[in-house]
Protein chains: 2
Amino acid sequence: MPDKQFSALNYDDPMVARILDAGEQCIHRFGIRRTSMGEVARVGKLSRGSIYRYFSAKEALVEGIIRRRQEAFLNRTEALLEKETRLVDKLTLAVLAGRKDMQEGIFAALAEVEPETLAMMFLDPRFYHRSVSFWPPHVRLAQEAGEVAAALDVVFVTDFIVRLAVSLVMFPTIEVDLRSRKSLHAYLQQALRMGLGENGL
Amino acid sequence: MPDKQFSALNYDDPMVARILDAGEQCIHRFGIRRTSMGEVARVGKLSRGSIYRYFSAKEALVEGIIRRRQEAFLNRTEALLEKETRLVDKLTLAVLAGRKDMQEGIFAALAEVEPETLAMMFLDPRFYHRSVSFWPPHVRLAQEAGEVAAALDVVFVTDFIVRLAVSLVMFPTIEVDLRSRKSLHAYLQQALRMGLGENGL
DNA sequence: AAATGTACAAAAAGTGATTATTGTTCATTA
DNA sequence: TAATGAACAATAATCACTTTTTGTACATTT
C-alpha cells in the first residue's frame, strides 16, 4: 500500500486520470517549469478550475504525476517478480526494471530538460520511502524460505535493500561495472549472501 | 592518491592556496552562482589574471575548491581511523565524520543557498570515485585480519562499502533511524556481515 | 453535484536595454 | 619568471517593465 501522507488519489476516477495523463504529457514535452495549468487543461480538454478541485496546486499535481509513475512502476515490478522466488533474483530484476524506467520514461525527459529538478527528487526522502513499502512482504517470504536469517529485523533488511537498490539504479557502475544482468546478479548475490546473518558474531 | 584526471593541483603552492582559500570563503558566503572571479581576487588580494594562470575557468576553480575540501576530509578521516582496527569501526567513524562535514562545511552553506547545485554534485560519479580511492588499503588490512573473506575482490568490497557509506551519509534515516553512533554501528555490523562474510552459499 | 467559464489580485515568468562578468591578450611592474 | 593591471569582445547577470500564470471566488451550465 502506497503512502497516505499526501492526499489519497483515486487513479480510477476518470477526471483524475485525465488530469494526470495531460499533466504527464505536458511534463514529458516541456518539462515541469514550462508546463502551465492552462496548458494541462487544454491538453486534457477540461477547465483549469477542475484541476484545482483535485490538486491544490501545481506542486501537488506534479507530486501526483510522479507518484502515479512510481506506483505504476512498483505494480509492474511486483508482477514481474511473481515468477521469481529468490530475493537475489527479485532484486536483480527490480534494479534492471528501475534503470529501464529511468532511461525511457518521464525521468529521461526530465533529465534532459531539468536535471537539477531530477537530482532534487532523488535526494527527497519521500522517493526512498515509496520504494521501501515494496519490499517487506518479499523479505518475509525470503525469511520463511530460509534465504534470509529469521533473526533479522525485516525493517533493517528492507532499509539495507533499498539503499543498495537505489544506489545501483542511479549508478550502474562506480568501481565495478554492473550494467549487465549477469554482473549485477553476481554483485547482489555477494552483497546479500543471504542465508547467513545467523552465523558469526 | 587522489584523481589525476583533472589538472594536478599543488595545495602547498602559496598562490594556489590563496586562491582556493579566497574562493572557498566567497562560496561559503554567497554561494557559487553569486561568486565572481573579481570578488575572489579581491578577497585573496591578488589579480584576476593570476587566478586564470592556475585555473582555466571558474568551473575549474570550483572543482578545485570542492576537491581540496574532499581530500582534506579524507586526510582527516584517515588520521581518525588510525586508532581503529576493525573495518566496521572505521566505516562507522567515516560515516559520522562525513555527516559532520556536510552539516557545517561549505556543503551546508551550499545546501541553503543552492540546493540544486549540491544535489547535482551528489549525483556526479566523480564524487563517488574520489571516495572510492580511500578504502582499498583498509579492505586489504581487513582481509589480512580475517574480518573480510580473503576470496573477495577488493574492488567489489570497495564498491559495496562506498555505496553504503554515501547512502548513510546522505540519508541518516530511511526506515531505520541511524543517527546515533550506536545504531549506525550495529547497522553496519549487520550489513557487513551480510555482504562480506565467508559463509553462506 | 460536478464541471465550466469568467473575473480577479498576487506571484511568477518573460522581455529587452543596461550593466557586470568572463576569459584572453599583452604591455608593465616587482 | 611570475604577478599585475588595463583593455577587450563575448557571454551572462541584472533591472524595470510587461505579460503570463497562479490560485481563489462565484455565478452559470450540464
Side-chain angles (χ1 to χ4, degrees), chain A residues 6-66 109-110 112-117 120, chain B residues 6-66 109-110 112-117 120:
Chain A
F6 222 65
S7 62
L9 288 179
N10 179 12
Y11 300 138
D12 296 331
D13 184 326
M15 199 57 53
V16 170
R18 242 178 52 222
I19 296 171
L20 290 175
D21 286 345
E24 184 160 351
Q25 205 178 316
C26 289
I27 290 183
H28 193 271
R29 285 199 301 214
F30 316 123
I32 293 173
R33 216 181 17 229
R34 296 186 192 288
T35 290
S36 73
M37 298 299 254
E39 181 64 19
V40 174
R42 209 169 306 130
V43 171
K45 280 163 187 160
L46 38 80
S47 74
R48 212 166 58 84
S50 299
I51 299 179
Y52 282 100
R53 180 177 300 283
Y54 294 91
F55 300 93
S56 63
K58 184 180 171 182
E59 193 187 332
L61 173 57
V62 172
E63 161 88 18
I65 291 166
I66 299 297
L110 269 183
E112 280 199 22
V113 191
E114 293 170 58
E116 333 77 33
T117 308
M120 290 294 281
Chain B
F6 222 64
S7 61
L9 288 179
N10 178 12
Y11 300 138
D12 296 332
D13 183 327
M15 197 60 51
V16 171
R18 235 170 67 216
I19 297 171
L20 290 174
D21 286 345
E24 184 160 349
Q25 206 178 318
C26 289
I27 291 182
H28 194 271
R29 285 198 299 213
F30 315 123
I32 292 174
R33 217 179 19 228
R34 297 188 191 286
T35 290
S36 74
M37 297 299 252
E39 181 65 20
V40 174
R42 210 169 305 128
V43 170
K45 281 164 188 163
L46 38 80
S47 75
R48 213 166 56 85
S50 299
I51 299 180
Y52 282 100
R53 180 178 301 283
Y54 293 92
F55 299 93
S56 63
K58 184 180 171 182
E59 194 187 331
L61 173 57
V62 172
E63 161 88 19
I65 291 165
I66 300 296
L110 269 183
E112 281 200 19
V113 190
E114 294 170 58
E116 333 79 32
T117 308
M120 289 296 279

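So that the names make sense, note that chain A is the first sequence line, chain B the second, and so on, each numbered from 1. Note that the structure is a prediction, hence the values are computed from the model and not measured. Note that these values count all heavy atoms, side chains included, but never hydrogens, waters or copies made by symmetry.
- Heavy-atom minimum distance, A:Phe55 versus A:Leu61: CD2-CA, 3.6 Å.
- The nearest pair of heavy atoms linking B:Arg33 to B:Glu116 is NH1-OE1, 4.4 Å.
- Residues A:Ile32 and A:Glu114 come closest through the heavy atom pair N-OE2, 2.6 Å.
- With C:dA3, D:dA3, D:dG23 as the candidates, the nucleotide lying closest to the side chain of A:Ser50 is C:dA3.
- Distance CG (A:Asn10) to P (C:dA2): 13 Å, rounded to an integer number of Å.
- Computed from coordinates, the A:Leu61 CG to D:dG23 C1' distance equals 13 Å when rounded to whole Å.
- If you measure from atom CE of B:Met15 to atom P of C:dA30, you get 15 Å, rounded to the nearest angstrom.
- For A:Ser47, a side-chain nitrogen or oxygen approaches OP1 or OP2 of C:dT4 to under 4.0 Å.
- For B:Asp21, the salt bridge (charged side-chain N to carboxylate O under 4.0 Å, His left out) criterion is met by B:Arg68, not counting sequence neighbours.
- For B:Arg48 against D:dG5, a side-chain-to-base donor-acceptor contact under 3.5 Å is absent.
- Neither OP1 nor OP2 of C:dA3 sits under 4.0 Å from any side-chain N or O of A:Tyr52.
- To the nearest angstrom, P of D:dA3 lies 12 Å from CZ of B:Phe55.
- Distances from the side chain of A:Arg18 to the nucleotides D:dG23, C:dT4, D:dT21 place C:dT4 closest.
- In this structure, the CZ atom of A:Phe30 is 15 Å from the C1' atom of D:dT21, given to the nearest Å.
- When the P atom of C:dG14 is taken as reference, atom CZ of A:Arg34 falls 5 Å away, rounded to whole Å.
- OP1 or OP2 of C:dA12 has not a single side-chain nitrogen or oxygen of A:Arg33 nearer than 4.0 Å.
- Minimum heavy-atom separation, B:Ile65 to B:Glu24: CD1-N, 3.7 Å.
- A sub-4.0 Å separation between OP1 or OP2 of D:dA3 and a side-chain N or O of B:Arg53 is present.
- Atoms CG (B:Asp13) and C1' (D:dA2) sit 11 Å apart, rounded to a whole Å.
- In this structure, CE of A:Met37 is placed 14 Å from P of C:dT4, rounded to the nearest angstrom.
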